[in-house]
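To start, the structure itself, in structure tokens.
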Amino acid sequence: MERVRRQAVPRPRAVLALLLLLGLVSTLLLDGYLRSEVGGDQRVRSGAASDEVPQSVLEGGPFLSFRDGEARSESVPDKTIVLTFDDGPDPEWTEQVLDVLDANDVPGTFFLVGSMIARHPGVVRTMVADGDEVGIHTFTHVDLSYQSAGRVKREIAQTQLALAGAAGITTNLFRAPYSSTPDAVDNYSWPVYEKLGALGYTSVFVDTDSEDWKTPGVDAIVRGATPASGKGASVLFHDAGGDRSQTLKALPAYIKKMKAAGYTFTTVSGAQQRAAQASGTTAAAPPGGSAGTSGPAAQAAHHPADAASVWEGRGLLAAVAVAEWTVPALATLLAVVGVAVLARFGLMFLLAGRHYRRRNRRRFSWGPEVVRTVSVVVPAYNEKECIAGTLTSLAASTHPIEIVVVDDGSTDGTAEIAESLGLPQVRVVRQENAGKSAALNNGVRAARHDLVVMMDGDTVFEPDTVARLVQPFADPGVGAVAGNAKVGNRSTLIGAWQHIEYVMGFNLDRRMYDLLGCMPTIPGAIGAFRREAVLQAGGMSEDTLAEDTDITIALHRAGWRVVYAEHARAWTEAPSSFGQLWRQRYRWSYGTMQALWKHRRSVTDRGPSGRFGRIGMPLVVLFQILTPLLAPLIDVFTLYAMLFVDFTGSALAWLAVLGVQLACAAYAFRLDREKYRYLLMLPLQQLAYRQMMYLVLIHSALTALTGGRLRWQKLKRTGAVGVPGAPTEAGR
């Protein structure tokens, strides 16, 4: 039964929960983008024509720049080597390459991937401080030939920002991923070089490819990197992108060989300067500048970044650092969640099956049959749609009962409807609106018998429900019994989803907890108590919004056993809209957290009263709070993997998890003798319903952590659940 004084959902906490989710998604998207897993990593076309490319470029040198809109190719001077390295920086290989260059007093030109700069800025700072040269190799190592103009602009700008944040500089050197010699420029790539040239970039190709990316062996790498006798060359090596151990072995031998042959080593800008001095021209202007028309000196490749770019770059590096730390941490949490989920499934399969076999043996008995009269307490607030059906179902009980209806200040005539039925077992007790806990306590005080059944005003019992529910009281150690709550209005999609949840998530759990002797909750829809046990525990408390969980834990701590009667079934009306469902589950989740916090000292209780604290408390916290809070990671990482890693493999993994859940649900349905057709709704439940439950739990946790308070909320009832046995949607 839901309660009055409806309060709106606290908007700031809902916004905070959505912001946390948005932050997580943004972090994963950034991480995927950094790992060059967006946009593809290879050409989408091959064998393109090159008839639109100037012949002077196709037959020219490895340095392509533009002056006054005209393409100009430059060659490396004779007896000169420009060592270029692609795909870095790498924290392992690049630093070792730098050590080799330093040891041999040789400079290098490194074409850096922006995402790698953002992840390893310290390596770039070392590189620049050592006097080496850097150029742009795009941000995500994507082939720009087939990208939009906006994508090209972003790739360059983001790499420059990362470079500014890492070393405080920008560069006018560019090398396109998957480029090679100038004669490989085609009609698709040529417009990109024109656009970048207009911005002042020099595009750098290669004369000689060491092919170290093929890992052919040290001698082969040295031979491949050696130019024709006496000729200068722009030589390609790699300092990242794989195992570069052979490159490191070949590099010292290559440098020694070329020096012995009379070659000198320089950077791209150094080679440009030599070529410019020889021809009496100037080099290309820096990005954003204009090319000079006279003067023999070339512009340097590096330029100080402006203050705004430096700070933006540092912000990018900070975001990347967060992503680099967050994703591995989340992956670890995901592993923990996966283990916890599988452990829960394993426990439920093992213990629920054992519980079923034990309780359904022919010789199983709680003791002498319990036949004495039972008091049934029905708290009701504005239940005019349901109260008649509830009381009519109770009147058909095969067990002797008295019915105490506690009207909690209803304004819709609930009490009058109850009295007008003329049922001899029914007594109506009126009170001013004080809440469900007060109504239940009032009903317990008014009860004339020592066994008290509590139910909601929107619930109906089967004729033998009370008889089955009270049989465990034949054992004098049993203080309370949880019944089997069923969703009656399951004909709708949301009702079917809740039906699956009740059978699998609630009742299967109760079998497990019953066998372990640490039942955490007696459902408000159907529960039975010894009157003396309730009074001994202090009655139904108003300290929490989950009075059913609160009293259950209190009974454990008082030394009473709480068991589960699977065959005592009650049919309850579940929320019929997402808004009502949110309010109900928000209250449940928040109330459960309140109850666990209230009874936190149970973990130190001794003897039988401490069993819940030793076993139940850790299981409830793990399975009902921590695991559901972290469970969204499974869905988020599945989407992440589908987008950035392996769609097919990730989809198969998700389907495997769904298969495990389906098997567990089918087992639960078998134990409860439910029809399997509702399991057809399970995949859709995982895609929509489960995510809502996650958000509800996160919202509840934020409310608890921020000290918020939540009052009872009255849900709208329709009276859709009829008396079992009649041809209604409650039947199976």
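Using a cut-off of 4.0 Å between Lys/Arg side-chain N and Asp/Glu carboxylate O, Glu462 and Lys486 are scored as not salt-bridged. Under the 4.0 Å criterion applied to side-chain N and carboxylate O atoms, Glu674 and Arg490 are assigned as salt-bridge partners. Lys436 and Asp456 are joined by a salt bridge, as a carboxylate oxygen and a charged side-chain nitrogen come within less than 4.0 angstrom of each other. By the 4.0 Å N-to-carboxylate-O rule, Arg372 lies close enough to Asp450 to be salt-bridged with it.
Judged purely by distance below 3.5 Å, without hydrogens or angles, the side chains of Ser375 and Glu402 pair a donor atom with an acceptor atom. Inspection of the Gln594 and Asp543 side chains reveals no N or O donor paired with an N or O acceptor under 3.5 Å.
A donor-acceptor pair is defined here as one N or O able to donate and one able to accept, closer than 3.5 Å; such a pair exists between the side chain of Ser393 and the backbone of Thr390. Looking at Arg587, its side chain never comes within 3.5 Å of a backbone N or O of Gln584 through a donor-acceptor pair. Thr572 contributes no side-chain N or O that, together with a main-chain N or O of Ala525, makes up a donor-acceptor pair within less than 3.5 Å. Side chain of Ser410 to backbone of Asp412: no donor-acceptor contact under 3.5 angstrom is found. Under a 3.5 Å cut-off, the side chain of Asn489 and the backbone N or O of Glu573 do not form any donor-acceptor pair.
Rounding to the nearest 0.5 Å places NE2 of His556 at 11.0 Å from CD1 of Ile551. Rounding to the nearest 0.5 angstrom, the gap separating the CG atom in Leu342 from the SG atom in Cys664 is 10.5 Å. For the atom pair OG (Ser541) and CG (Leu440), the distance works out to 12.0 Å, reported to the nearest 0.5 Å.
The side-chain heavy atoms of Leu508 and Val503, taken from C-beta on, include no pair separated by under 4.5 Å. Within the 4.5 Å cutoff, the side chain of Val370 has heavy atoms near those of the Leu451 side chain.
Each ring pair (Phe, Tyr, Trp, His ring centres under 6.0 Å) pair with one or both residues in residues 653-677, not counting sequence neighbours, appears once here: Phe349-Tyr667, His499-Phe669. Annotation: salt bridge (Lys or Arg N to Asp or Glu O under 4.0 Å) contacts involving residues 494-514, sequence neighbours excluded, comprise Arg344-Asp509, Arg359-Asp514, Glu501-Arg585, Arg511-Glu566, Arg511-Asp672. Judged as a salt bridge (Lys or Arg N to Asp or Glu O under 4.0 Å), not a single pair has a partner in residues 519-533 (not counting sequence neighbours).
The two atoms that bring Val563 and Pro472 nearest to each other are CG2-CB, 3.7 Å, heavy atoms only.
Phe364 does not carry Arg358 over the face of its six-membered ring by the limits of under 6.0 Å from the centre and within 45° of the normal.
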